[in-house]
Asker: 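Dumping the structure here so I can ask a few things about it.
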Amino acid sequence: FRFVVATAGQRIEQVAREPWSSYDFKGKTLTVTDAKGRAAKGSETVKRKHLVPLSDRAIAILEEVRQVTGDQPWPWASNGKQPFVTTSFAHAAADWCRSPHAKIDGRLIERFTPRDLRRTCSQLMQRAGIDDLLSDLLQSHGLTGVVASHYRNNPEAYLPRKLDGMSKFEAALAGVLDVIEQRGVTARWVLSDGQYRAEVEGAFCFTSATLDGLQTGMAEMIELVGA
């Protein structure tokens with residue numbers, strides 16, 4: 001689940017079936033075979049290669065997994081003979097939601113499915129200002145017409161745009177998950193109503209409509225507080 005979120009909400013069943021050979025640690029990409037969607041009447045479903053940029057967060061998760069299944073053909077497997085089946089993830093999420101661990105600050109977490117993770121990542125990209133086409137490219141979703149044909153024939157062509165989109169998504173995700181510590185100063189930021197809300201030492205400081213403005217403002221506040 002952590003890896004699916006770190007890769008902007010890839011389809012968990014597609015990620016699960018890819019072997020270690022689909023992961024390029026040097027190039028920091030995952031190649032997924034995407035056969036999602038219905039074929040035209042009388043024809044076969046068209047499979048296409050979907051290149052997923054891997055952030056440092058995603059690579060770190062894979063390094064953890066490699067210590068467990070690195071000697072097996074698939075990363076996401078338990079017995080080494082085959083990858084997890086899709087229903088395993090749904091059952092795991094349901095079991096966890098019923099467990100005493102499904103709480104944040106004492107509040108119960110609503111039941112969710114792996115598909116909800118993908119939808120949540122889509123919403124986070126929208127709030128981060130990532131345009132719909134780029135969001136669709138990152139998630140290999142809803143590509144039709146000329147775009148689909150070009151992407152299918154040359155998936156590498158869109159990799160620079162995907163890298164930019166994944167960088168923006170990672171920045172937004174970090175704002176939700178990470179706490180920044182610099183010069184003994186604790187700072188964090190979250191997305192709220194389309195604005196980046198910055199807090200330093202637990203106190204609200206400012207909001208910004210752009211990531212650049214946020215990063216500049218936070219650096220200045222940390223400098224002042226840590227002086």
Side-chain angles (χ1 to χ4, degrees), residues 1-36 46-86 88-89 114 117-118 120-122 124-125 128-131 133-141 143 147-182 211-212 215:
F1 293 158
R2 289 166 55 209
F3 184 75
V4 166
V5 173
T7 53
Q10 301 305 310
R11 294 185 179 92
I12 198 166
E13 67 273 14
Q14 293 179 350
V15 170
R17 66 174 176 242
E18 292 300 335
W20 277 115
S21 57
S22 295
Y23 293 83
D24 181 354
F25 280 81
K26 185 176 180 179
K28 299 179 71 172
T29 60
L30 161 63
T31 302
V32 173
T33 301
D34 187 353
K36 182 71 175 178
V46 177
K47 297 181 180 180
R48 65 170 182 265
K49 296 296 182 182
H50 169 45
L51 284 179
V52 182
L54 298 177
S55 64
D56 290 342
R57 186 189 304 274
I59 292 291
I61 294 171
L62 286 174
E63 292 293 0
E64 293 178 31
V65 174
R66 189 150 62 170
Q67 294 180 24
V68 180
T69 60
D71 59 345
Q72 301 178 10
W74 296 276
W76 318 105
S78 60
N79 57 16
K81 297 180 180 179
Q82 63 181 13
F84 287 118
V85 296
T86 303
S88 297
F89 301 109
L117 300 179
R118 179 174 171 85
T120 299
C121 289
S122 296
L124 185 57
M125 282 190 278
I130 298 173
D131 65 69
L133 175 59
L134 185 51
S135 175
D136 289 345
L137 284 171
L138 282 174
Q139 292 192 334
S140 189
H141 173 72
L143 301 180
V147 173
S149 178
H150 183 56
Y151 181 75
R152 183 169 59 249
N153 295 329
N154 186 15
E156 292 85 0
Y158 285 99
L159 187 56
R161 288 202 64 193
K162 286 184 181 181
L163 287 168
D164 178 60
M166 189 63 78
S167 177
K168 292 177 179 177
F169 171 78
E170 170 58 28
L173 182 62
V176 175
L177 300 179
D178 295 348
V179 174
I180 304 168
E181 294 186 4
Q182 297 178 15
L211 278 173
D212 289 341
Q215 292 165 352

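The figures that follow rest on heavy atoms only: side chains count, while hydrogens, waters and symmetry mates do not.
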Asker: Rounded to the nearest 0.5 Å, what separation is found between the OG atom of Ser167 and the CD atom of Glu170?
Answerer: 8.0 Å
Asker: Rounded to the nearest 0.5 Å, what separation is found between the CG atom of Asp136 and the OH atom of Tyr158?
Answerer: 11.5 Å
Asker: Looking at every heavy atom in both Leu159 and Pro53, which two are closest together, and how far apart are they?
Answerer: CD1-CG, 4.1 Å
Asker: Looking at Lys168 and Ile130, would you say the former's side chain and the latter's main chain have a donor-acceptor pair under 3.5 Å?
Answerer: no
Asker: Kindly give the heavy-atom pair with the smallest separation between Ser55 and Ala6, and that separation in Å.
Answerer: OG-O, 3.8 Å
Asker: Nearest 0.5 angstrom please: Cys121 SG to Gln10 CD, how far?
Answerer: 9.0 Å
Asker: When you compare the side chain of Thr7 with that of Leu30, does any pair of heavy atoms fall below 4.5 Å?
Answerer: no
Asker: With no hydrogens and no angle check, is any side-chain donor or acceptor of His50 less than 3.5 Å from a backbone partner on Leu138?
Answerer: yes
Asker: So which heavy atom on Gln72 is nearest to which on Ala77, and how close?
Answerer: OE1-CB, 3.7 Å
Asker: How long is the straight-line distance from OG1 of Thr69 back to CH2 of Trp74, given to the nearest 0.5 Å?
Answerer: 11.5 Å
Asker: Determine whether a donor-acceptor pair (N or O, by modelled atom type, separation under 3.5 Å) exists between the side chain of Arg57 and the backbone of Val5.
Answerer: no
Asker: Cation over ring, Arg66 on Tyr23, under 6.0 Å and within 45°?
Answerer: no
Asker: Determine the minimum heavy-atom distance between Asp131 and Arg161, stating which atoms define it.
Answerer: OD2-NH2, 3.3 Å
Asker: Do the side chains of Lys49 and Thr33 get nearer than 4.5 Å, heavy atoms only?
Answerer: yes
Asker: Report yes if the side chains of Glu13 and Pro114 come closer than 4.5 Å at any heavy-atom pair, otherwise no.
Answerer: no
Asker: Nearest heavy-atom pair of Ala128 and Ala172: which atoms, and what distance?
Answerer: CB-CB, 3.8 Å
Asker: Name the orientation class of the two ring planes belonging to Trp76 and Phe3 (parallel below 30°, tilted from 30 to 60°, perpendicular beyond 60°).
Answerer: tilted
Asker: Below 4.5 Å, heavy atoms only, C-beta onward: do Trp20 and Val65 meet side chain to side chain?
Answerer: yes
Asker: Is there side-chain contact between Met166 and Lys28, with at least one heavy-atom pair below 4.5 Å?
Answerer: no
Asker: Using every non-hydrogen atom in the two residues, find where Phe1 and Phe89 come nearest and quote the distance to one decimal.
Answerer: CZ-O, 3.3 Å
Asker: OG/Ser22 to CZ/Arg17 distance, rounded to the nearest 0.5 angstrom?
Answerer: 10.0 Å
Asker: Under the criterion side chain to side chain contact (heavy atoms under 4.5 Å, CB included), I'd like the reasoning laid out for Glu64 against Arg2: C-alpha separation, chi angles, the key distance, then a yes or no.
Answerer: CA-CA 11 Å; Glu64 293 178 31; Arg2 289 166 55 209; 3.3 Å; yes
Asker: Is the CG atom of Asp56 crowded by more than 12 outside heavy atoms at less than 6.0 Å?
Answerer: no
Asker: CG/Leu51 to CG/Asp24 distance, rounded to the nearest 0.5 angstrom?
Answerer: 9.5 Å
